[in-house]
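First comes the structure, then the notes that go with it.
Counting convention: from 1, in listed order, for ligands and their atoms alike.
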Amino acid sequence: MPVIPVPGRDHTWAALTPATAYVFGVESGDDTRVVQHYWGPRLPGAALGEVADAVPAWIATGFLDPADAAELLPVDGGRRWGVPSLQAVYPGGVRSVELAFDRAVQHGPDELELVLRDQVYGLCVGLRVRVHDDTDVIERWTEVANDSGEPVHLQRLDSGAWAVPEQAGFGYAGVAGGWARETQLHRGELPPGETTFTSRTGTTSHKANPWIMIGDASETGGEVWSVALAWSGSWRLTAQRRPEGDLAVTAGFGHEGLTWPLAPGGSLRTPSVLGLHTTGGYGAASRAWHAYARGHVLPTPAEERPVLYNSWEATGFDVSEDGQLALARRAAELGVELFVVDDGWFGTRTDDTRGLGDWWPNPDRFPQGLGKLFDGVRELGMQAGLWVEPEMVNPDSDLYREHPGWTLHYPGRRRDTMRHQLVLNFARDDVRAWALGWLDGLVAEYGLAYLKWDMNRSFSQAGWAEGGDLLWIEHTRGVYAVMDELRARHPGLRIESCSGGGGRADFGILRRTDQVWTSDNTDARHRQTIQEGFSYLYPASAMSCWVTDSPNPITGREVPLRYRFHVAMAGTLGIGGDLARWSEAELAEARELVAAYKAVRPVVQHGELHRLTGSPGTSASAVQYTLGERVVVFAYNPYTLDERPPRRLRLAGLDPEALYEDEAGVRRHGAALMHHGLVVPSWSLSGTDYRSEMLVLRRVEGRS
Ligand code: DGJ
């Protein structure tokens, strides 16, 4: 699908995707603006020119210019009073950016660049728009270059702004949360004013996730306009709803208060901001994002993610060869395919106060190295994985004693620790070279198939003598670069993104990681709400879910093994409990459930998700995955009826004419399953708390 000039209109283009059109153009005058004319369902070619009209003024006053809410990159300058996407300070403290259209450059049929220039101060701005032929996601980013002989200081450089057409309520969906309660879904009406989702932590953060969906839609119906940012450092996304009726979303890296110097000849490119228009409600929007993730983001989307075991909740820092091998034997018996040794294997790391940075096997615990442990793991038929936290250092470590200057710091300021650790500056070449060196060595020496890459604190005192505030960009890029190079050197290596749970989940990190540790909270009930929010943008294959012990180590809640499994089986299944303490009956049930998961794994990990009903974790609820002829449904009932669940569960996305057969051999039409529904035993009145089931159906030959 191309980006094409709109016939009969000067300086106007349409970015066409399979089902949508995005029409924009240059409005010249004393103040050039590149404005969005249209973003919505695909239009006939001849109609593209009809939507490219001037932004109508609701009322003409001396206080507002309606066009700035429609600009692709509203600058801080001229007659604009909205949230700027680009703010620059020129020599002498001159503000008010004034750009004039220079040229349009087609980079192949699917990508267009509009070049704008400041006629006086030499700032050159490139607005990029790219489409693909298999998705309605439109990728945009901005590149700026300083063509002058003087430095320019950028105080804001967003990837781009998107205008959302007027609607009655401006409903929205987004997620917010904290550690152990990531991706809590928020749905409501955007208030007039500016609603900002942001992270100032240096990572994507637990507090919010860089996306928003807007539309007066339900789960199954209505138009939704989504905007997502592919970035893993600090970020800001602001939706401004004006009383005049306009709504614009601008998103970019960095947070307010930072200044990025652009030296003469220097340039800066933003990460991509992604826009997606869909019909069919929030559910269809999620499915379109999942397809985009599989088609254009994830490095290994066709693979099935293995069932892993992780030792963290079982052993904490108490890691030993015998202890890990004992767990590995039990894990292998359950059908686990990948055994991951978590924190505590290296340096003097026997608790969280010391050793981070000293990435060699703890000489007391592993005097011969990790070879025997991982050979043992492989002999049991599993792949080997290891936890690392490359961006961190404990002050009590050989690394810090040798290189105190490698951490983020300012002269004359404290170096505040959190979890007894400081952040290493991955913007520095020497730090990245050091990290790549030992990571490469570990993966090669131990034949590692998997790294869990953790990151356990927010930035503070984030000074970088050489680059100033560019640290907030270059650290993240440095992490990306090390991961990319490591994967290039070890094509079989898979990486899990972790940041104290789900603190770094986004389309930037998912380009170089295969899955995300969704949350440190493994309480099945809490997990359901966390997983629901995660599922809005990211597919189940990227959502790591472990079954752990009951009572849960964080919340103390007791939940039956089956329910814990069914919650974890709705994503990429792992086990993180202390298997030494599981009874024979529990181990037998776990073995059965792991086998059941493997049988449906392609459907869950690669299928289309339908959030069927209910508030996951707080009421009866169900999710469905469909892949080809196969359908898998997980139904949950956390409580004995506080509220009456639906009498029947109605499925979605089936072929109404086709017959579907369940595991008992009962056949029903897709139409009956969707419009009448199934009786779910665990939703009946009688029973205990925490009942759940997995229903498997297959579309069979023969139609009525
Ligand atoms: C935080 C992670 O989220 C946990 O799973 C575990 O790896 C610990 N760090 C180890 O320190």
Side-chain angles (χ1 to χ4, degrees), residues 177-183 201-207 232 308-320 323-324 327 338-359 362 365 384-394 396-397 417-424 439 442 448 450-458 479 494-506 509 513-523 526-527 530-531 534 542-549 552-555 568 571-578:
W179 176 79
R181 56 189 311 274
E182 298 87 338
T183 52
T201 64
T203 56
T204 328
S205 94
H206 304 81
K207 292 175 195 301
S232 317
L308 69 75
Y309 178 83
N310 180 294
S311 60
W312 175 246
E313 286 200 18
T315 61
F317 291 101
D318 196 7
V319 176
S320 69
Q324 294 290 309
L327 285 168
L338 166 67
F339 187 86
V340 184
V341 177
D342 210 280
D343 201 349
W345 59 267
F346 54 92
T348 54
R349 182 85 165 169
T350 49
D351 58 33
D352 64 7
T353 62
R354 62 180 74 88
L356 267 181
D358 298 343
W359 297 104
N362 180 314
R365 293 176 164 186
L386 195 58
W387 177 93
V388 291
E389 195 178 4
E391 297 151 82
M392 294 293 154
V393 63
N394 287 128
D396 186 358
S397 65
T417 56
M418 295 177 83
R419 209 194 188 206
H420 311 285
Q421 60 199 54
L422 297 166
V423 183
L424 291 170
L439 283 162
L442 274 179
L448 299 175
Y450 193 84
L451 288 176
K452 176 179 173 188
W453 182 305
D454 204 349
M455 197 292 185
N456 277 300
R457 64 155 292 177
S458 304
V479 171
R494 304 291 171 260
I495 303 180
E496 178 176 44
S497 170
C498 175
S499 178
R504 192 151 61 187
D506 57 79
I509 205 73
T513 58
D514 306 274
Q515 58 197 80
V516 172
W517 177 225
T518 316
S519 178
D520 276 345
N521 189 341
T522 55
D523 175 317
H526 288 172
R527 258 313 176 102
I530 293 167
Q531 292 178 192
F534 190 94
M543 186 169 76
S544 294
C545 311
W546 306 344
V547 176
T548 59
D549 293 336
N552 183 271
I554 291 184
T555 65
T572 283
L573 176 67
I575 298 178
D578 185 357

Protein N/O near ligand 1 N/O, under 3.5 Å, which pairs?
{"from": "ligand 1", "atom 1": "3 (O)", "to": "Gly501", "atom 2": "N", "distance (Å)": "3.0"}
{"from": "ligand 1", "atom 1": "3 (O)", "to": "Asp520", "atom 2": "OD1", "distance (Å)": "2.4"}
{"from": "ligand 1", "atom 1": "3 (O)", "to": "Asp520", "atom 2": "OD2", "distance (Å)": "3.2"}
{"from": "ligand 1", "atom 1": "5 (O)", "to": "Lys452", "atom 2": "NZ", "distance (Å)": "2.7"}
{"from": "ligand 1", "atom 1": "5 (O)", "to": "Trp517", "atom 2": "NE1", "distance (Å)": "3.4"}
{"from": "ligand 1", "atom 1": "5 (O)", "to": "Asp520", "atom 2": "OD1", "distance (Å)": "3.3"}
{"from": "ligand 1", "atom 1": "7 (O)", "to": "Asp342", "atom 2": "OD1", "distance (Å)": "2.7"}
{"from": "ligand 1", "atom 1": "7 (O)", "to": "Asp342", "atom 2": "OD2", "distance (Å)": "3.2"}
{"from": "ligand 1", "atom 1": "7 (O)", "to": "Trp387", "atom 2": "NE1", "distance (Å)": "3.0"}
{"from": "ligand 1", "atom 1": "7 (O)", "to": "Lys452", "atom 2": "NZ", "distance (Å)": "2.9"}
{"from": "ligand 1", "atom 1": "7 (O)", "to": "Asp454", "atom 2": "OD2", "distance (Å)": "3.4"}
{"from": "ligand 1", "atom 1": "9 (N)", "to": "Asp454", "atom 2": "OD2", "distance (Å)": "2.7"}
{"from": "ligand 1", "atom 1": "9 (N)", "to": "Asn456", "atom 2": "ND2", "distance (Å)": "3.4"}
{"from": "ligand 1", "atom 1": "11 (O)", "to": "Asp343", "atom 2": "OD2", "distance (Å)": "2.6"}
{"from": "ligand 1", "atom 1": "11 (O)", "to": "Arg419", "atom 2": "NH1", "distance (Å)": "3.0"}
{"from": "ligand 1", "atom 1": "11 (O)", "to": "Arg419", "atom 2": "NH2", "distance (Å)": "2.9"}

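Under the 30°/60° scheme for interplanar angles, the aromatic rings of Tyr309 and Phe339 are found to lie parallel.
Without hydrogens or angle criteria, Trp345 side chain to Trp387 main chain gives a donor-acceptor distance under 3.5 Å. Looking only at distances, no side-chain donor or acceptor of Gln421 sits under 3.5 Å from a matching main-chain atom of Met392. Using a distance-only test at 3.5 Å, with no hydrogens or angles considered, a donor-acceptor pair links the side chain of Asn394 to the main chain of Leu356.
Other residues, nucleotides and ligands contribute more than 12 heavy atoms inside 6.0 Å of the CZ atom of Arg354.
Partners of Thr315 by side chain to side chain contact (heavy atoms under 4.5 Å, CB included), not counting sequence neighbours, listed by chain and number: Ser311, Val319, Gln324, Leu327.
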